[in-house]
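Shown next, in structure tokens, is the structure this report addresses.
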Amino acid sequence: MTVEGTVAPSVPLLADPAARVLSTPLRLAPAPADPRVLTFDAAVPRYLVHRASIAEVFVTDSVEIGENAYQVAALLPRGHYVGENAGLYDYLILVEVVRQAGVLVAHTRLDVPLQTAFIFRGLSLQINDLRPVYVGTSPGEVVITMTVAPERTGAGRLRGLSFEGDVAIDGRSALHGTGKLLFVSRDTFKALRQRGRDGKLARQRPAALRFTPARPESVGRRDVRNVVVTEAVALGGQRYAMSLVIDVSHPYMFDHPLDHVPGNLSLEAARQAAIASVARQYGLAAESLTVLGAEVEFGEFAEIDLITRVTAEVGELGTHQETDMVVAPVSVTLTQADVAVASAKVQVAVWA
């Protein structure tokens, strides 16, 4: 479980986007975007999507299109710190757009107070057409068409929601995303945070170790500043091991100060571990691989000052049903103090 702080502009941000795969996702009836309603002219206020930097706000507008149904507009940057000016929009950015859409709807359409702490129990994203994901000659205009299923207490208080959405880029359907949110008070957030930390500290002592990042080309990256795992070590049986590399000065992973490993960092570690492992297992160039989908589950908070082990198990090569690309499934687990703090199922595809 990873918590995201939801705050007003004057209150320090506390946490991050995170994910758990939904076992029974909602079904969505797509609705066309109306360009006369949605606009792409300006980003929404940063506190409405739990970001500290204006540069990291991608959503621009939202509109209600039916009962518990909404559309959210966003603008994809052609150049970004984690995008590295690559040929495809970075998967981490696409996940962030879906996350921001869910948070924006919760605040502006469902009246979730700004002081509420958000627990992201689930967030997954699957690419069904890679062509719209290529970076073009202008920023990509995104329209997310989503349905929301509110979850209420017996007294009628909103305690969470599930959402599902189709993501179109420049008018072409490209991705499908799901998510699940839980809303808790600040006191509950603090109690959850402390309980998780105390449990792991009872089994493992903090260690101020600086790990050496893997070579960027071995994990599908160009800039070593965006590498978040060490070099993969073969364990046998198509399994590989790495350690998490944490840089609290990273302007995207740590957009605001945190006392735990952010969910986007764990997701990126899972992606890099999956790509590195597939490249090693099948003798492929990591730069020729991309992620077509990921489902990530978070069990507990991951501590910044504890060693995080990352293990990946590579499956057999096959064909991706939607894109007809060659893919390999990879199961990734992040562990601290013998506890799985995150696990992911990642689809790695050969694209170049």
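All figures in this text were calculated on a predicted structure; none of them were measured in a lab.
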Query raised in the report: Taking only residues two or more places apart in sequence or in another chain, which ones pass salt bridge (charged side-chain N to carboxylate O under 4.0 Å, His left out) with Asp170?
Result: none
Query - Side-chain heavy atoms of Gln71 within contact of Ser62, under 4.5 Å - result: no
**Report entry** Results of salt bridge (charged side-chain N to carboxylate O under 4.0 Å, His left out) for Asp247 - residues two or more places apart only
**Finding:** none
Query raised in the report: Are Ile304 and Val248 close enough that some pair of their side-chain heavy atoms sits under 4.5 Å apart?
Result: yes
Query raised in the report: Under the side chain to side chain contact (heavy atoms under 4.5 Å, CB included) test, which residues partner Val245, sequence neighbours left out?
Result: Phe211, Pro213, Thr230
Query raised in the report: Between the side chain of Glu96 and the main-chain N/O of Phe58, is any donor-acceptor distance below 3.5 Å?
Result: no
Query raised in the report: salt bridge (charged side-chain N to carboxylate O under 4.0 Å, His left out): which pairs involve residues 150-161, sequence neighbours left out?
Result: Glu151-Lys180
Report task. Examine Arg193 relative to Phe301 and say whether NZ or CZ is less than 6.0 Å from the centre of the six-membered ring and inside a 45° cone about the ring axis. Result -> yes
Query raised in the report: Are the side chains of Tyr91 and Leu125 in touch, meaning some heavy atoms are under 4.5 Å apart?
Result: yes
Query raised in the report: Between Arg309 and Ser243, does any side-chain donor sit less than 3.5 Å from a side-chain acceptor?
Result: yes
Report summary line: By ring-ring contact (aromatic ring centres under 6.0 Å, His included), Phe254 pairs with (sequence neighbours left out) none
Requested in this report: Go through the structure and list residues passing salt bridge (charged side-chain N to carboxylate O under 4.0 Å, His left out) with Lys200, not counting sequence neighbours.
Outcome: Glu300
Query raised in the report: Should Leu104 and Val72 count as side-chain neighbours, where that means a heavy-atom distance under 4.5 Å?
Result: yes
Report task. Output every pair passing salt bridge (charged side-chain N to carboxylate O under 4.0 Å, His left out) with a member in residues 212-221, not counting sequence neighbours, ordered by first then second residue. Result -> Glu84-Arg221, Asp90-Arg221, Arg215-Glu217, Arg215-Glu231, Arg221-Glu268
Report task. Any chance you could pull the hydrophobic cluster mates of Leu201, using side-chain heavy atoms under 4.5 angstrom and chaining through other members? Result -> Leu306
Query - Within the 6.0 Å centroid threshold, strictly below: His107 and Tyr47 - result: no
Requested in this report: With sequence neighbours excluded, tell me which residues meet side chain to side chain contact (heavy atoms under 4.5 Å, CB included) with Thr188.
Outcome: Val184, Ser185, Leu192
Query raised in the report: Can you list the residues that meet the side chain to side chain contact (heavy atoms under 4.5 Å, CB included) rule with Val233, with sequence neighbours excluded?
Result: none
Query raised in the report: Do Thr60 and Asp41 have side-chain heavy atoms sitting under 4.5 Å apart?
Result: no
Query raised in the report: How would you list, by chain and number, every residue that makes a side chain to side chain contact (heavy atoms under 4.5 Å, CB included) with Ser173, sequence neighbours excluded?
Result: Asn128
Query - Side-chain donor or acceptor of Gln336 paired with backbone N/O of Gln204 under 3.5 Å - result: no
Report summary line: The ring-ring contact (aromatic ring centres under 6.0 Å, His included) partners of Phe40 (sequence neighbours excluded) come to none
Query raised in the report: Looking at Glu297 and Lys345, does any basic side-chain N land under 4.0 Å from a carboxylate oxygen?
Result: no
Query raised in the report: Do the ring centers of Tyr89 and His80 come within less than 6.0 Å of each other?
Result: no
Query raised in the report: Is the shortest heavy-atom distance from the side chain of Leu92 to the side chain of Met253 under 4.5 Å?
Result: yes
Requested in this report: Indicate yes or no for a side-chain donor-acceptor contact from Asn85 to the backbone of Gly79 under 3.5 Å, with no hydrogens or angles considered.
Outcome: no
Report task. If the plane angle is over 60° it's perpendicular, under 30° parallel, otherwise tilted; pick one for Phe118 and Phe120. Result -> tilted
